[in-house]
Amino acid sequence: MADIVDLQMIPVMCSVVVGVEDVSKTVDLVEEKLNHKLTGRRCYGVSTEDEKGLHYRACIAIQEGDDPSSLGLTPSEIPGGKYAKDRIRPWDYRRDVPKLVSRFEAMSKEYEADKTRPSVEFYRRHDDLVLYLPIK
């Protein structure tokens, strides 16, 4: 059973891709823009869906002094509100990506998803992934 949490809005800078084929390239692009200096940064994957398909944003929380436009990243925000929270720990990107869909589906069966806000992956550590499903 997922926990219910109330997230505050999170200002982020992102790279966006439509579809799931290039998700790893999008994540790599953000890492390159930050010269692979992610230590101490909060990293997110943000997913929405519309008539064009799945939109995935690889995002980094904005810190004081960050200038997204000089990095070639798009400023955005992760909306606040109520979210169902689950965790995959230990997490391994190569092995556990298929678990993302099934975990979000399981949460959607338990809670009514709010399709006006994105689903969020918070990469807490290299081996600890937190999932947030927006709920009504």
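Index from 1, following the sequence.
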Closest approach of [X] and [Y], non-hydrogen atoms and distance?
| X | Y | result |
| --- | --- | --- |
| Gly45 | Tyr123 | N-CE1, 3.8 Å |
| Val46 | Cys59 | CG2-SG, 3.9 Å |
| Ile62 | Met13 | CG1-N, 3.7 Å |
| Arg41 | Ala61 | NH2-O, 3.4 Å |
| Ile4 | Lys82 | CG2-CD, 4.4 Å |

Next on the checklist: Check whether Asp66 reaches the backbone of Pro68 with its side chain - one donor and one acceptor, N or O, closer than 3.5 Å.
Outcome noted: no
I'd like to know if [Y] and [X] are part of one continuous hydrophobic network [Ile/Leu/Val/Met/Phe/Trp/Tyr, side-chain heavy atoms within less than 4.5 Å].
| X | Y | result |
| --- | --- | --- |
| Ile88 | Phe104 | yes |
| Val5 | Val12 | yes |
| Leu129 | Tyr44 | no |
| Phe122 | Leu7 | yes |

Checklist outcome for this item: Taken in chain and number order and not counting sequence neighbours, the residues that satisfy side-chain contact (heavy atoms from CB on, under 4.5 Å) with Ala106 are none
Next on the checklist: Hydrogens and angles aside, do Arg57 and Ser76 bring a side-chain donor and acceptor to less than 3.5 Å of each other?
Outcome noted: yes
Checklist entry - Would Asp86 and Arg103 count as a salt bridge (Lys or Arg N to Asp or Glu O under 4.0 Å) if you check the C-alpha gap in whole Å, the side-chain angles of each, and the deciding distance to 0.1 Å? => result CA-CA 8 Å; Asp86 199 0; Arg103 289 287 183 96; 3.4 Å; yes
Side chain to side chain, [X] and [Y], heavy atoms closer than 4.5 Å:
| X | Y | answer |
| --- | --- | --- |
| Pro79 | Pro118 | yes |
| Glu121 | Cys43 | no |
| Arg42 | Ile60 | no |
| Met107 | Leu131 | yes |
| Ser108 | Leu133 | yes |
| Asp128 | Arg87 | yes |

Checklist entry - Could Arg117 and Tyr83 be counted as a cation-pi pair, given that NZ or CZ must be under 6.0 Å from the ring centre and within 45° of the axis? => result yes
Item to check | Euclidean distance, Ile78 CD1 relative to Ser119 OG, rounded to 0.5 Å | outcome: 11.5 Å
Checklist entry - Who passes salt bridge (Lys or Arg N to Asp or Glu O under 4.0 Å) against Glu77, sequence neighbours left out? => result none
